[in-house]
Every structure is written in structure tokens, then in C-alpha cells.
Amino acid sequence: MPKKMARSRPLFDRQILGRALTDALRKLNPLSLFRNPVIFVVEIGAVLTTLLLARDLAISAPGAGFALQINLWLWFTVLFANSAEALAEARGKAQADSLRKTRTDSIAKRLAGGRVERVPSSQLRAGDLVLVEAGDLIPGDGEVVDGIATVDESVITGESAPVIRESGGDRSAVTGGTKVLSDWIRVRIVSNPGETFLDRMIALVEGARRQKTPNEIALNILIAGLTAIFLLAVATLAPFAEYSIAAAGAGSVPSTTVLVALLVCLIPTTIGGLLSAIGIAGMDRVMQHNVLAMSGKAVEAAGDVNSLLLDKTGTITMGDRQAVEFLPVAGVSERDLADAAQLSSLADETPEGRSVVVLAKQKYNLRGREVGEHNAVFIPFSAYSRMSGVDLDGRRLRKGASDAIGAFVRERGGRIPQEFAEISERISRGGGTPLAVADGGKVLGFIHLKDIVKGGMPQRIGHLRKMGIRTVMITGDNPLTAAAIAIEAGVDDFLAQATPRDKLDYIRREQAEGRLVAMTGDGTNDAPALAQADVGLAMNTGTMAAKEAGNMVDLDSNPTKLIEVVAIGKQLLITRGALTTFSIANDVAKYFAIIPAMFMTAYPVLGKLNVMGLATPQSAVLSAVIFNALIIVALVPLALRGVRYRPSAAAPLLRRNLLVYGLGGLVVPFPGIWAIDRLLVLMGLV
Amino acid sequence: MRQQLIPALRMTLVLTVATGLVYPALVTGLAQILFRDQANGSLIRKNGRAVGSSLIGQQFTRPEYFHPRPSAAGRGYDPLASGGSNLGPTSSRLTVRVRESVRRYRAENPQFSGDVPPDAVLASASGLDPHITPANAEAQAPRVAKARGVEPDRIRALIHRHLEGRDLGLLGEPRINVLVLNLALDETVGSR
Amino acid sequence: MTETGFLQIAVYFLAILLVTRPLGAFLAYVFAGRRTFLHPLLRPVERLIYRLSGIREDAEQRWTGYAGALLAFSLFSFLVLYLLQRLQGWFPFNPQAFGAGNVTPDLAFNTAVSFMTNTDWQAYSGEATLSYFVQMAGLTVQNFASAAAGMAVAIALIRGFACERAGAIGNFWVDLTRATVYVLLPISLVAALFLCSQGVIQNWLPYAQVQTLEGGTQIIPQGPVASQEAIKELGTNGGGFFNANSAHPYENPTPLTNFVEMLLIFMIPAGLTYTFGKMVGDTRQGWAIFAAMSILFLPGAFTAYISEQSGNPILAASGVQQSPSNLHPGGNMEGKEVRFGIAASALFATITTGASCGAVNSMHDSYTPIGGLVPIFNMLTNEVIFGGAGAGLYGMLLFAILAVFIAGLMVGRTPEYIGKKIEGKEVKMAMLALIATAASVLLFTGASGVLDLAEGSYINPPGPATGNLNNQGPHGLSEILYAYASGTGNNGSAFAGLNANTPWYNLTIGLAMLIGRFFIIVPLLAAAGSLAGKRRLPASSGTLPTHGPLFVTLLAGTVVIVGALAFFPALSLGPIVEHFLMHEMRVF
């Protein structure tokens, strides 16, 4: 496992906490708080009650102790809400700092007119050519145009093993701030200063350019609307009270402080205070999986995905085909075939070749021999001959594609046995790759190479299906092979012999039917599809074009990560919904605490609504306000960590969450407010 | 919206003719043919003169008649001012009125004891309620019998004959039409 | 509590259940322009109306055009009705010679708004104010038109869900005409004749004068009642021909007519739930809405019934029987008719306020506090417990949008309802409607609670706005709250003790009715337009199912918590505290 760039930090470490608290104070500035209407209303209420308190103190009116306590708790409410957001941001900022440390201004060797000039990297512009040699820091994001080098990208990925970067193909992208370890490359810079990948990463984790996601905006409208409604309810309580007092001939109009307290209790402060923290924490969680999301919207979209396009190779299967079986033609023993296959593969360092050696050893206890003394000549694989093998002791052992071997055998006057084609076909139909083996003019048989579906993959795909997500396997294999693997992996659909164009068309088709599509990709030719997909997870090893096109980059370059990203997206939405429900459900209990308290003097009979048996009207109001403030703090860990999420269908998920957060939200405040009331009485605060 | 104004005006006028004139005229025509008596108010005639409607309650205060419910319609059973008292459950005016009614009811019906039937002292919704409950009628029977000088059982038998059960055996409440019962009293029992 | 009482409620509910599907399917056919069994007879009428009005049947409207047409139509409806009232002396069918003097400008405004908005709040007494001509050509027309317009809006909103990436949501004129011609007129005609057969009057005679048995005279109003009565219930209008409304024996002579009138009130709102399911291609969705409405309706009906049947301890202490026997219904009979008794009255009250009808067969003002709380609660939920013709469905869909939005998040997806994503625009429109209606109820009630004018002032001759009350104490607050809840909810029933025929109440309740009508309709049409333009997403196992008991519970819970929570303080100072006080025998 690679070392995570953003190790999962404990939720509250001291440094972050300290930073969050100062930020929380800074956020009291009404100009910034204005963006959060719910908490803004609380702040106005707090200011108002502070002024009233000052007036009361000035004229030494009675009851200032109660007003003071209410006032303090109102300010705490604002601070708690601010700290939640600040805490989430501080975690991002801490990461940004550690990234920023790596961004040193290096000296670049700019190539201009065949000369090398040394300029500070900050002066490089897109289109400049630079030379980077062993030991140099790559001065900016770019494409390798010439050369090959090993590069240490641990700054970005946390992965200490160096990677190869070379011109052409899909491994040509380099990132500014990474270091060339050996050899040299010429790089065309693709980004201006301040716009590099690293810069963007820092900006992202810092949340500097954080924009509200569509869903967040909608939720904000909902809670702002509820705030407006409760504002009306509380504001009109004064005339209702006035009428009631005249009608009852007793009592006094509730003080403004108490009305503000009721308002703050009723408006959805819990979700209002935690909403942005939830969003930031969601991004943070994605980051902890070493995935860089370019926007919160992308993470949200991941939760909505209906179809997941997964590359077969490396995602669904191990990536390398393995030899699983030797299938001799008539008249050849399996052992002889295994022996020949092993000999032909001894010098073959590809995973496939190694798997042949291993299989022969496992099955027939054939040891890898030292072949040097046999005067062996190894024939490497070439695109022209499409076979590889070895010549030793006069034997010409070859393995390769059926038609290539067929031609080789015929050339040597050999005969192709009739079952040759039949075996080849059988292996293909089973999803494997037939690799024919021949000894000169004699066909020996086939090695059955097979894609191995990763352990646990069918289960994960099953989970996805439960979540309502279709999985589609993308492969370059022929339809026969693809179908066999698709069945084995349990995917819902597959796209065989897929060209980049096919991928793009498939995505468009899915989208036309109203589905949201997620995919992974790394090559330049994946870029259009990555851009078209609603969630495009680019591999960090991929080309710059691919990284630009997608809206997420996986720094570990592990395509399976897409599944985790989807889960995080869902968890983000669930957390928002759960806390909104909880927040609204809480109001019922608060009414029962405050309404009887407010009108005890006019209508003592309303005491029957005091179902919690709160001690005095003052303790009732105070307990409700304190509960309201503390619940924000209590739910911060939940907001940052996200609610528990296990893949399942929507109905059971809703049932569970409604039970926990809906019913829980209805019930929990009753004992909570009651306990605070007892405590206040014990402490003599009321 | 401007180009909508002309169709809006025309549509308003067309619908006014269709639903405001043609439809009521159609209903009136058919009703006058099919249900002439009901459509014209279910009036009861005695000796060619309308004495009331079987659906509209009227005031009775004399002891030989069954008395209807208290009425809040005008000065009592005024069809030009239909309506209830609209006094709420905690209205002191309601309490005072009800206590007074209870007192008077007991005084008028001395043979009756116990709590009075609710309809006897509580005003109806329309102020024109033509009915009373069987309990109320039973309670008044001795008084009416005495005033008319007949056996209470004869009166009770008449009540029983005029008892209307629940519609379809389920809907509403058993009831007695006061005007119809009093007319029957005049016809069959006669006054003293 | 009697078995017959509960049975009446149960049988009524069963009857509504039975009528929902056939009527709903019929409505779906009508609004899709498909042939029904009425076509041979009525299609020519429909075409005639288009020709006379200059409407092109096949022209589709975007939401703005649809809303513009509705607003223009409402404007003319208002103007025509206002002028008819003020000029009633010029028109025929006026045997009692009512004139402009009977209808002040503020009353005419209030009444015109009231009938145009399907509220049918009446600050006047029909038999003493309006000519037969105004009752027919003014009020009856609006009974049809406002109901048809409400149905049209509901259908437009359904189209928003049902269609796939469309710009248009139908044609208002066509929907309006079809609702009137194929649905409202035929059913009203049949119902009116049935009501006539039971004793509801239908004539143009002058008021009858009779000699009573005791020698007094009684003047009995006449008029074309049955034709208005039928559409009054069917179109969930509720404006009575007479002041006593459906308690009047000429409007509602027998328990059977009472049952039929209750059926008429709920049949279109209930049927539309099925229409919804049918039009969106999944009838389970419609039944889910029906079920949510039902679980809000039935507890209300039983609560009102039980409370009224339990009676008033103050009355019991005064020597009035409160427990039922075979010979009388017992309970709180103040303001109730003997023929209906307790159950049929409490049921009617729950239905008429659930359905934004506002017809009454008993006087709600005299209900026990909890019995009166049920109607107020029903109206405060924005009239979605079956609700008005059309208005109930679109109001409930508004709550469905909010419920789906909150709950949808809890399953980890951007919420979808009927395959349409619920996003900022829809939430904004739903919240706008909720805020506007809450503001209307709360601000006007609050203002009336403290408005203090000099006695004899033009605005409110009694002086303070509380001077118009018929009851003191918490019940007085309930009277005011009821008035604005009724106006805003476009219900029209009243705690009728309140003397609302003063410029202050006429104008503010008039405004409340306008807010309650158009601040829901226009935002919802906007939402319909936005929804119509969206793609309908296929459902998967990850989609929130909106047809099961879970969603039904959630929807009902959203109506109660989001819809009514803001009114809890007002309710606790009105009916709730009155309930406790009544049990302490406190009077005001």
C-alpha cells in the first residue's frame, strides 16, 4: 500500500483545533457570516440580546443573570457553528501547508534557440521547453517531448517508488515539484505559474475556491426558507401574547431575549452550522483516499452515479494474464508440452512468461533450468513475428498466437493437427487466450492464458448493484472473451473491442437515457470520454490531457478507487440529509420546553404541556438553548466523519436513517433538555 | 400576458353563459318537471294556505305544541337570518344561556327529571333545524298531553309514528320533525 | 362514542376509496384529450367554446404562458364578479330588489376575490344580500371556473413530472374547458337533480310567506339552490346560497344528501391522486399520495368526532346530557343539526377543511377546542388532506417535493421524484409558497390581535380588530386565526362568530386569499416548467422508492412538521390552552 499523502488524521489534533478556534472568531464578521443565513440570524439575535443586556445592566433591571446566560449561549451557538466549519477548513489547510513546503522555487534550464538559459521556474510560461536532468526538480507541469527518466513523484502521490516518464504514449506527463532521479528529459511546459497542478491541489485542499455545490445550494434554500418561516412564527408570537394577556387578564409579554432564544432553538441551526463543514469534510475524505477532486460538485455527482465504466485490465482483473492449463494436441503428453512451454519462457520476463514457468513447476515439478550451458539462443517477442521462444540443442521451441505458430510450423513442413483450431476456439470461448507451442515443425499444444478476476470483485460489483449502480466492463478483448469474463466478474454489461470512440459513444448513450456515468482513464485517447463522463477519474500516471479532462485524479493510479469515491459521494449526501432531518425533528421537543415556559404567567394551565417537568420557565428556556448549542458540537464528529454508510438499496437505507435521525431527532431532545435542566438546577444557575 | 387578455375575456363571458345561465336554467327546468314539490320548497299547505315548509323549523311556544330547539336565527326561526349562535365552548354567554334554557325547560316540563337532552337547550347550526331528538320529544310528551288533556301514551304513540330513523339505517340520527308532528297533533288529537 | 358514529366515518372513507379509481382514470382520459363516453354529447360543446373564445386547441403553452393565461382569466373573473355585485340592481332575477347598498365596495372586493380564488369565504349572508342573478351568473360561474382552474394547474404540474424534456405543460384554456365540460358540468347536473329529489330547492320564485301554526308569519327564502349546491361541493368551493350554508335544510335536507355532498367534496381531489399515478405511468405513485392524505384525514376525523362526542364539561355541569343514548346523540350539539348528529357533523367539518371546500353543516365556532383544532390544523397544512379540486393534489406534490428532497438525500443521491431530479429551483419554489402562506396567516392574525382603532372608524367600525369577536379568551384568538387560515388556505369556512364584514377584515382576508391562491399556483407552475424540461431518469434499486408505506409516512410527517410546526405557538394560545381551560371550567 502506498503511503497516503493525506494520512487520515485524528479528528481533532491540537494544532488544527487551535487554528480552527481563531478562524471561528474571525468568521464572526457579519460580512462573511452573511453567506450562512441560519447562523447569521443567530448572530443578529446574539447582538440584539447583548444590547438589551447592556441596557438592563445600565438600569440594573432584574433578571440580568438569566439574560446574560442566554446571551452567552447564543454567542456560543454562533461560535460552535463557526468552529465546525473552521475545523473542517483547518484540516484542509494543514494539508495545504505540507504541500506548499514542497513547492520551492527552483532554477529551470530553459531551452531557447538551442541554448540553455537558467531562469527561475516562476518565469516559465506555457509552451516553454526545459531540460531536466538527474537531480533536478521538474520546474512545472508539462509533457515529455524527448528522453526518458525515472522520476520521484512522492511529493504528489506519497509513493516512494520512482516512476518512468518518457516521451510519447501515456506516460509522458510530468508534474512540477517532482524530481528526476536518473537520465534526462526535455519537457514542454503546459501551465503558467500559479496554475500548476500543485497550485490547484493546494487551492483545492485549502478550500480557497470552494464553491457551493448545486445540492448544497438547494439545501441552503430549504433551511433559509425554514428560518424565514420560524422568524415569522416567533415575531408574531408577540402580538399573540399581547392578545392572550389581555384575554387572561394576567401575565406579561415574553421578553425579546426569550423570543430570540425561541427563534434560535427553532431555526435549523444544527444543519445550518454543519452544512459547509460536511461538504469540506467530504472533499477531505476523498483526499484521504488519495484522490484529488477538482470540485465538490464532482464528489456529489459521484454519489449520483448510475453507471460505472470499469476497465477490465487492472480494475476487474489482475491486469496480467496467467497460465492456468496446458492443453496438448493428440500424441503429445501434457508433461512434454509443459516442459517445452517452460523452456520457451525461461527468458521471458513478462508476467505471462513467468506464469508459464511457475505453472509448469507447480504441476510437473519442472524446475527452471540453467540454460546457458545448453548454448541457448533466446528469440524475443517481436510485433513482426508475434512469437517468442528459444533455440537450444537443435530444438526450435516457439510459443505465440495460433496463426503465427501455424505459419511457423507449416514453414517447416509440419502438419497442423485438426484439433488445433478446436482447442484454440475452446480456450477463447472460455474467456482465455490460447498461446500455441511448437517444436520446430511439430505442434505440441496450447498454453491456456487466463485473466484472473481480482479477489472480492464479484462481491463489490454485487454491492454496487444493490446501490442501484450498473457496472460496465470496458475491454479490448474480442466479444467471446469479454462475455466470459463479464460473467465471471458479475458485471451488468460489457463493451468489447472498445476503441476510445466506442467508449465515448457508450457514455453518451447512457447519458441520453438519463444516467450519470463514471469512468476511469489514463491515456490521451481517454480524454474525450473522461470529459464527457459525469465523473471522470484520471490516473495520476496518465497523460496531462487525461488529467485535465477528468474531474478527479487518483494519485495512486488505482482504478478500483472509483468505487470508493462513489461511496464517499453518497455518504456526503446522506450526512446532509440526516442532519437536516435531525435538525427539523428537534423542534418538536423545543416547543414543548419553551411555549409553556413563555406563557406560564398568562395561562398557568399550559404547564400541562411541560411534559419534561422542567423546573422553572427560565431553566426551560435556558436548557433548550444550551441543548441547541451543544448538539452542534456533539454532531461535529459525525459531520466530519460522515454518517455510517453501508452499501444497500435505497429503501432499507432510508428506513434506517429515518429511524435514527428522524425518530431519534424527535426523541433525543426530550431527555437531553431534561438533563440540562436538572444540571442547571443542581449548579444553582437558575 | 397581454395576448392572453382577449381570450381570457371571451372565455370568461362564454363560461358565464354556459355555467351561469344555461346550466342553472337546465337544472331548474328539469327540477320543475321531475321534483316540482321539492324544488319549490316542500311547502305544507293546510286549507290551501302555506303553513310552513316541512324542511324549515318554526317557532312553537305554546304548551300544547312540541317545542323546537333554541334558535339563533334572528329572533328565532327567522329564515332570513339563518345561522347558529357561534358561541364557543368557553363562552360565558353560552353558559348563561344554556343554564337559563335548562331552567326554563325543567319549569315547562315539570315531570321531567335529570339532565336535559342536548338538543333541547343547545342551538342548531342553521337556526332552522326542523327536528328534535326522540329524547327531547319524550320529555315534552307529558306536557303536551296535559295541555291537550289526553293520555301521555297517545302522544307517545304519535311520536313513535313520526320517528324518522337513520337514513339507510346508518346515516345521521333518529329524529322527529316538529312541524309535522304538531300538525299531526292538531289533526288527530285536537286541542282542548 | 357510538359504533354507528365510527361506522359512518368508515363507510364514507370506503365510498371515497371506491370512487377514486374510476373517476381518476376518467380524468386522465379527459385531460389527455382522449375519447370518453361523454364525447358524442359534449365534444361539440367543447369545440363551440373554443370557437367562441378564439382558442386554438392544439397550441401548447410554456409555464409562463400557462400562468399568464390563468392570471388573465382570474383577473377578468374578479372584475366581472365585482361589477355584477355592485350593479345587481340593474339585472333581472332579483325578486327581493337587492341593490348596491347591500354590497359595499370592500365586501364586493372580498366576495369577488373569494369566489375567484375558490375560497368562497362569505362575509355576507346570501339570503339578505345577493340577487338570484348574481348567485347564478356570478357565484355559480366562479364555482365552476375556479375549480376548473385549480384542476388545470394540478394537471399542468403532473405533466411537468410525466413529460420528457418538454418545453410546454399544456394549454390552460383547453384544460379549463375540458374540466368544466366533461367533469364539472355533467356531475353537477346529476348531483343537482338528486339533491332536488331530496328537497333542495331550485326555482326563481320570490321568497315564500307562510302563516305558522301559532299564527306568526315566516318568510322563507327561495332560489336556484340545487344547481349551486352541487358545484359548491364538487368544486370544493363551499360558498353557501344561504348564510347557514350546508346546515340549512334547503341546502342539505337529509343525512343522505349530507353523505352525497361529502362524497362530492372529496371525489375530485381523491380521483386526481389516481389521475396523477396514471399520467406518470405508475398508479402506485398515485395511491401513495392517496394514502398519505388518508393517514392525515382519518385521525383528524376520529379526533374531531371523539372530541365533539365527549362534549363540554361546562355544559354537563349545567345539566345538559353529554353522553349519548338511543334517543339522542349526546355530545356538543351546540351549532349542530339533529338530523346529522355528532358523527356526520364532525366528519363533514374534517372533510370540508381538509378539502379547502369550506361548506359547513355545523357551526365550527361552537366546536369543542380540540374539535375546532382539527379544522384549523387541516387548513394550516395548506389544504392538502385531499384538498381542493386540483389544489389538494398540487399542494401535496409541493410537500412531496420537500419530503423527497430531504429524504432523498438520506439515501445518498440527488433526490428524484417520479424520475425528475429535485433541485434548487423546485425547492425554492416550494419554499416560496410555504413562506408566503405562513406569512399571510401569521402576520394578518398577529395584526388583527393588536390592531387598535377608534370606535366608528371606517377601517373597522367596532374599533379594535378584536372588537369584531363573538367570543372572548383564547377562543377569540382562534376565531381570528381561523379566519386567516381559512382565507389563506382558500377554504372559506369560518369560526363565524367573527364579524368579518368590515373594511379591515374584508381587505386583509381578501389579500390572504390572493396570497394563498397565487403564491402557490405561480411558483408551482414555475416548478412544473422546470420539471418538464428535465429528463425522466429510470428508477433503480438506489432510487428512493416513493410508493411504499415508508414514503407515505414520511410525506405525512413532512406535512405535519414542515407545514404546521410554525403554527404551534398560535395553536397553543388558541385551541390548545382553551382545551385545558375548558376542563378547568373556566369561561370568558
- With only heavy atoms counted, which part of C:T180 is less than 4.5 Å from chain B, the side chain, the backbone, both or neither? side chain
- Using modelled atom types only, decide if a donor and an acceptor are shared between the side chain of C:T140 and the backbone of B:G20 within a distance under 3.5 Å. no
- Message: The test is side chain to side chain contact (heavy atoms under 4.5 Å, CB included); show your working for B:R99 and C:S318 and say whether it passes.
- Response: CA-CA 6 Å; B:R99 288 200 174 134; C:S318 306; 3.3 Å; yes
- Message: Using a 3.5 Å distance criterion without hydrogens, assess whether the side chain of C:Q202 forms a donor-acceptor pair with backbone atoms of B:Q38.
- Response: no
- Item | Side chain to side chain, B:L21 and C:F133, heavy atoms closer than 4.5 Å | yes
- Query: Measuring heavy-atom distances to chain C, does B:V51 have an atom under 4.5 Å in its side chain, in its backbone, in both, or in neither?
  - Reply: both
- Message: A side-chain contact here means heavy atoms from C-beta on lying under 4.5 Å apart; do B:E173 and C:P324 qualify?
- Response: no
- Using a distance-only test with no angle check, is there a side-chain donor-acceptor pair under 3.5 angstrom linking C:E334 and B:S85? yes
- Query: Quick one: what part of C:A208 sits under 4.5 Å from any heavy atom of chain B, side chain, backbone, both or neither?
  - Reply: side chain
- Counting only heavy atoms closer than 4.5 Å, note whether C:R339 contacts chain B via side chain, backbone, both or neither. both
- Query: Does any heavy atom of chain B fall under 4.5 Å from the side chain of C:V11, the backbone, both, or neither of them?
  - Reply: side chain
- At what distance, to the nearest 0.5 angstrom, does CG of B:L15 lie from CZ of C:F144? 10.0 Å
- Item | Region of C:N470 that comes under 4.5 Å of a non-hydrogen atom in chain B | both
- Task: Can you measure from CG (B:L171) to OG1 (C:T4) and round to the nearest 0.5 angstrom?
- Result: 10.5 Å
- Message: Please classify the contact between C:Q142 and chain B as side chain, backbone, both or neither, with a heavy-atom cut-off of under 4.5 Å.
- Response: neither
- If we only count heavy atoms from C-beta on, is the B:N86 to C:F495 side-chain gap below 4.5 Å? no
- Query: C:L195 versus chain B, heavy atoms under 4.5 Å apart: side chain, backbone, both or neither?
  - Reply: neither
- Query: Considering residues, nucleotides and ligands other than C:N326, do more than 12 of their heavy atoms fall under 6.0 Å from its CG?
  - Reply: no
- Straight-line distance of C:Y250 OH to B:S53 OG, nearest 0.5 Å: 3.5 Å
- Task: Would you mind telling me which of C:G331, C:S366, C:G497, C:S345 has the largest number of heavy-atom pairs within less than 4.5 Å of chain B?
- Result: C:S366
- Give, for atom CD of B:Q59 and atom CD of C:E214, the distance between the pair rounded to the nearest 0.5 Å. 7.5 Å
- Task: Answer whether the closest heavy-atom distance between the side chains of B:D167 and C:F259 falls below 4.5 Å.
- Result: no
- Yes or no on side chain to side chain contact (heavy atoms under 4.5 Å, CB included) for B:D129 and C:K336, after CA distance, side-chain angles and deciding distance? CA-CA 9 Å; B:D129 195 343; C:K336 295 186 183 67; over 6 Å; no
- Item | Rounded distance [0.5 Å steps], CD1 in C:I201 versus CG in B:D37 | 12.0 Å
- Identify which part of C:R51 has an atom lying under 4.5 Å from any heavy atom of chain B, answering side chain, backbone, both or neither. backbone
- Part of C:V320 within contact of chain B (heavy atom distance under 4.5 Å): both
- Query: Going through the distances and angles, do C:L79 and B:T12 end up as a side chain to side chain contact (heavy atoms under 4.5 Å, CB included)?
  - Reply: CA-CA 10 Å; C:L79 289 176; B:T12 309; over 6 Å; no
- Atom group of C:E578 that falls short of 4.5 Å from chain B, counting heavy atoms: both
- Item | Among B:G84, B:S54, B:G88, residue most engaged with chain C (heavy-atom pairs, under 4.5 Å) | B:G88
- Item | Residue C:F172 versus chain B: region with a heavy atom under 4.5 Å | neither
- Report yes if some heavy atom in the side chain of C:I55 is under 4.5 Å from a heavy atom in the side chain of B:R10; otherwise report no. no
- Query: Which bit of C:L205 is near chain B, if near means a heavy-atom gap under 4.5 Å: side chain, backbone, both or neither?
  - Reply: side chain
- Item | Contacting region of C:L315 [heavy-atom separation from chain B under 4.5 Å] | side chain
- Check whether C:S188 gets within reach of chain B through its side chain, its backbone, both or neither, counting any heavy atom under 4.5 Å. both
- Query: What's the verdict on side chain to side chain contact (heavy atoms under 4.5 Å, CB included) for B:L5 and C:F76, showing C-alpha distance, side-chain angles and the deciding distance?
  - Reply: CA-CA 8 Å; B:L5 289 177; C:F76 281 113; 3.8 Å; yes
- Message: Side chains of B:Q4 and C:L70, heavy atoms from C-beta outward: is any pair under 4.5 Å?
- Response: no
- For B:L168, is it the side chain, the backbone, both or neither that has a heavy atom under 4.5 Å from a heavy atom of chain C? side chain
- CG of B:N136 to CG of C:L327, rounded to nearest 0.5 Å, is 11.0 Å
